J.: 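Here it is: the structure, laid out below.
Below, chain A is the first sequence line, B the second, and so on; all start at residue 1. All figures in this text were calculated on a predicted structure; none of them were measured in a lab.
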Protein chains: 2
Amino acid sequence: MDIKQFERISKALGDPHRIRIMQQVGKSPGCMQCADIVEMIDLTQSAISHHIKQLTESGLLIAEKQGRNIKYAVDKDVVDTYTKFLQQLKG
Amino acid sequence: MDIKQFERISKALGDPHRIRIMQQVGKSPGCMQCADIVEMIDLTQSAISHHIKQLTESGLLIAEKQGRNIKYAVDKDVVDTYTKFLQQLKG
DNA sequence: CAAATACATTCAAACATTTAAATAATTAGA
DNA sequence: TCTAATTATTTAAATGTTTGAATGTATTTG
């Protein structure tokens, strides 16, 4: 992982709404849809769409289109790679 | 670790200068001083002081005063606690 | 095909972060 | 004590992020 992607992921994790989205998607393996997230968080659909975009663009979430819905999942490999970079900071 | 501290740490890690500071402090165990960081990064002393403040306030760096210098070290426990929170996001 | 559903995009306003200049505070050494 | 060295703070400008309203784009269903 390069420093730029580490930065992008850290930024994506630096917002309470996005942290909550990650927690919920993590808990609901494979079956979390955007509409569910909209119900869960007190923001407009637009704002949530922006947040999800940051999470998918950083690589933390994988989006899979299913008809007119989208299913999200946490990319565990990305979390692990990020974790490794982080651990290296300990020296 | 609560969600608020996780957010603070993520934010602190969401900047390329601060990532570099973490990397260098990690590599130079116990003997990194502010002046060394100022030499390393092409920013004013003021800007670097602000960045270091974010890193210490998030808990990532421990500052130890030594005369008129300050010695920095990575708080490995904080990194580990953050890592655990992160791993929980995988579900 | 028309209407409804689900999500994305554009844009502008509100808000937050980053940076440097100037200045302050603390400490060491002459 | 006076001066130099090291780090912190205040302030203001520039830049970046977050948010919602409005609108757009697919896709399903009647």
J.: Taking NE2 from A:His17 and P from D:dT19, how many angstroms apart are they, rounded to a whole number?
T.: 5 Å

J.: Look for any protein N or O under 3.5 Å of an N or O in nucleotides 26-30 of chain D and output each such pair with its distance, or none.
T.:
none

J.: According to side chain to side chain donor-acceptor pair (under 3.5 Å), who are the partners of A:His17, at least two apart in sequence or on a separate chain?
T.: none

J.: What pairs with A:Asp80 under salt bridge (charged side-chain N to carboxylate O under 4.0 Å, His left out), at least two apart in sequence or on another chain?
T.: B:Lys90

J.: For atom CG of A:Asp2, is the number of surrounding heavy atoms from other residues, nucleotides or ligands below 6.0 Å larger than 12?
T.: yes

J.: Could you state the CG-C1' distance from A:Asp15 to C:dC15, rounded to the nearest angstrom?
T.: 13 Å

J.: Report the distance from atom CG of A:Leu55 to atom P of D:dT17, rounded to the nearest whole Å.
T.: 14 Å

J.: Can you list the residues that meet the side chain to side chain donor-acceptor pair (under 3.5 Å) rule with B:Ser58, with sequence neighbours excluded?
T.: none

J.: Kindly compute the distance separating NE2 (B:His50) from CG (B:Asp15), expressed to the nearest 0.5 Å.
T.: 13.0 Å

J.: Excluding sequence neighbours, so at least two apart, what forms salt bridge (charged side-chain N to carboxylate O under 4.0 Å, His left out) with B:Lys65?
T.: none

J.: How long is the span from the CE atom in B:Met1 to the CD atom in B:Glu7, to the nearest 0.5 Å?
T.: 12.5 Å

J.: Take atom CD1 of B:Ile70 and atom P of D:dA5, then tell me their distance rounded to the nearest Å.
T.: 18 Å

J.: Taking for each residue the nucleotide of DNA chain D bearing the nearest heavy atom, is the 5' side occupied by B:Asn69 or by B:Lys53?
T.: B:Asn69

J.: Does B:Gln45 get its side chain close enough to the base of D:dA8, under 3.5 Å, for a donor-acceptor pair?
T.: yes

J.: Does OP1 or OP2 of C:dT18 have a side-chain N or O of B:Gln54 closer than 4.0 Å?
T.: yes

J.: How does protein reach along nucleotides 11-16 of chain D, written 5' to 3' as B (base within reach of a heavy atom under 4.0 Å), S (only sugar-phosphate), or - (no contact)?
T.: ------

J.: Quick one, A:Leu86 and B:Leu86 - any side-chain contact, counting heavy atoms below 4.5 Å?
T.: yes

J.: Rounded off to whole Å, could you give me the CD1-to-P distance for the B:Ile41 and C:dT18 pair?
T.: 13 Å

J.: Does A:Ser46 contact C:dT9 through a side-chain donor or acceptor facing the base, at a distance under 3.5 Å?
T.: yes

J.: Any side-chain heavy atom of B:Gln23 within less than 4.5 Å of one from A:Ile3?
T.: yes

J.: For B:Glu64 and C:dT27, give me the distance from atom CD to atom P, rounded to whole Å.
T.: 15 Å

J.: Separation of B:Ile37 atom CD1 from D:dT6 atom P, in whole Å?
T.: 14 Å

J.: What integer distance in Å separates B:Asp36:CG from D:dA5:P?
T.: 16 Å

